[in-house]
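A short write-up of the structure that comes next.
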Amino acid sequence: MASSISFSDQTINLVLLGRKGSGKSRTGNTILGSNEAFKFGYQIETISYAIERASRFDRHLSVIDSPGMNDFLPEESVKLQRYILEMAEKNVIYLLCIKIGRFTEQENILIEQYIRYIGQDFEKRTIIIFTHLDEWISDCQDQGILEPKFEEFIATLEKNTIGLLEKFDMRYISLNNRKSGNDEIVKQIICMAEELTQHSSVSRPVTHHQCELEVESRSILCCNFM
């Protein structure tokens with residue numbers, strides 16, 4: 001999907017990261033409001049970086065999709081940083097996509113690699129996106145849990161995993177990319193990203209709970225969506 005939109009320095013640049021099959025490309029499409037922005041599916045292997053742009057809720061967005069990988073090595077960090085410098089120099093926020101219910105030791109290792117090779121700034125500028133919410137709900141219902149609550153899933157995570165989430169100030173959102181009508185979730189993501197870019201020093205945590213309330217009340221500028 002080619003875009004002719006010309007964006008200013010106020011553009012919010014969102015970089016999608018995660019393993020293959022984590023729902024990165026679908027998440028990018030959800031944020032952009034188009035199912036045709038990034039190709040997705042297990043039969044499609046993304047081997048290079050791609051960028052798509054859109055204007056949503058009066059915000060200019062650039063979304064960068066990255067190759068899915070199980071190991072993030074130093075050379076991959078160099079490629080990513082070079083692409084960011086070329087395509088999205090300012091206001092970069094990382095969206096780390098993780099499939100709900102698949103938070104394994106391999107996920108923990110991958111996150112540690114992102115932190116190590118991208119740097120401490122990664123912890124300050126990352127939002128966790130738990131994807132495949134629909135599959136998780138279906139699995140819970142098959143086990144007799146008719147109304148599963150996502151916060152209860154978070155509470156079941158191992159101590160090491162919770163420790164990793166705490167490095168990101170517990171900034172996370174759950175997302176079902178298969179359903180329509182995700183506007184409020186997208187607004188929360190934009191709100192959290194905008195807060196992080198406006199507070200580059202990140203002097204206070206920005207949580208999904210805070211932005212959910214701010215989206216509903218529209219009480220501050222960053223969440224005053226038209």
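For the pair Phe150 and Phe130, the minimum side-chain heavy-atom distance is below 4.5 Å. Put simply, the side chain of Arg125 reaches to within 4.5 Å of the side chain of Thr197, judged on heavy atoms. Between Gln106 and Arg19, the closest side-chain pair of non-hydrogen atoms falls below 4.5 Å. Contact of the Leu17 side chain with the Leu80 side chain is registered, since non-hydrogen atoms from C-beta on lie closer than 4.5 Å. Asn108 places a side-chain heavy atom less than 4.5 Å from the side chain of Leu164. Looking at Ile100 and Leu133, their side chains come closer than 4.5 Å, going by heavy atoms from C-beta outward. Under the 4.5 Å side-chain criterion, counting only non-hydrogen atoms from C-beta, Asp183 is in contact with Phe57. You'll find the side chain of Tyr49 stays beyond 4.5 Å of the side chain of Val15, heavy atoms only.
One distance of note links OG of Ser174 with CD of Gln188; it measures 8.5 Å at 0.5 Å rounding. Separating the CD1 atom in Ile115 from the CG atom in Leu110 is a distance of 10.0 Å, to the nearest 0.5 Å. With values rounded to the nearest 0.5 angstrom, Thr161 atom OG1 is found 7.5 Å from Ile111 atom CD1. Distance check, rounded to the nearest 0.5 Å: CD1 of Ile128 to NZ of Lys167 gives 11.5 Å. For the atom pair NZ of Lys124 and CD1 of Ile93, the computed distance is 12.5 Å after rounding to the nearest 0.5 Å. Here CZ of Arg59 is found 8.5 Å from SG of Cys191. Values are rounded to the nearest 0.5 Å.
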| side chain to side chain contact (heavy atoms under 4.5 Å, CB included) between Asn91 and Ile12, intermediate numbers included | CA-CA 6 Å; Asn91 299 333; Ile12 299 174; 5.5 Å; no
| query | Step by step, would you call Lys24 with Asp65 a side chain to side chain contact (heavy atoms under 4.5 Å, CB included)? | reply | CA-CA 7 Å; Lys24 292 186 296 81; Asp65 195 12; 3.2 Å; yes
| request: Please step through side chain to side chain contact (heavy atoms under 4.5 Å, CB included) for the pair Asn176 and Glu135, ending with a clear verdict. | output: CA-CA 9 Å; Asn176 175 5; Glu135 295 180 14; over 6 Å; no
| message | Walk me through whether Thr30 and Ile185 qualify under side chain to side chain contact (heavy atoms under 4.5 Å, CB included). | response | CA-CA 9 Å; Thr30 295; Ile185 299 295; over 6 Å; no
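Side chain of Arg56 to backbone of Ile31: a donor-acceptor contact under 3.5 angstrom is found. Using a distance-only test at 3.5 Å, with no hydrogens or angles considered, no donor-acceptor pair links the side chain of Ser62 to the main chain of Asn13. Under a 3.5 Å cut-off, the side chain of Ser66 and the backbone N or O of Leu16 do form a donor-acceptor pair. A donor-acceptor pair is defined here as one N or O able to donate and one able to accept, closer than 3.5 Å; such a pair exists between the side chain of Arg171 and the backbone of Thr126. For the pair Thr156 (side chain) and Phe153 (backbone), a donor-acceptor distance under 3.5 Å is present.
Taking both residues in full, the closest heavy atoms of Met192 and Tyr172 are given as CE-N, 4.1 Å, listed atom of the first, atom of the second, then distance. Nearest heavy atoms, Ile162 versus Ile154: CD1-O, 3.4 Å. Taking both residues in full, the closest heavy atoms of Ser22 and Cys97 are given as CB-O, 3.4 Å, listed atom of the first, atom of the second, then distance. Shown here for Leu146 and Gln141, the closest heavy-atom pair between the two residues is O-NE2, 3.3 Å. A pairwise comparison of heavy atoms in Gly21 and Lys99 identifies O-CD, 4.4 Å as the closest pair. Pairing each heavy atom of Asn177 with each of Gly23, the nearest pair is ND2-O, 3.9 Å.
A ring-centre distance under 6.0 Å is not found for Tyr94 and Tyr114.
Using the six-membered ring where Trp is involved, Phe72 and Tyr117 have ring planes that are tilted, between 30° and 60° apart.
A chain of hydrophobic side-chain contacts below 4.5 Å, direct or via other Ile, Leu, Val, Met, Phe, Trp or Tyr residues, connects Trp136 to Leu157. Using a 4.5 Å cut-off between side-chain heavy atoms of Ile, Leu, Val, Met, Phe, Trp and Tyr, with links allowed through other members, Ile51 and Val78 fall into different hydrophobic clusters.
No more than 12 heavy-atom neighbours from other residues, nucleotides or ligands sit within 6.0 angstrom of CD on Glu147.
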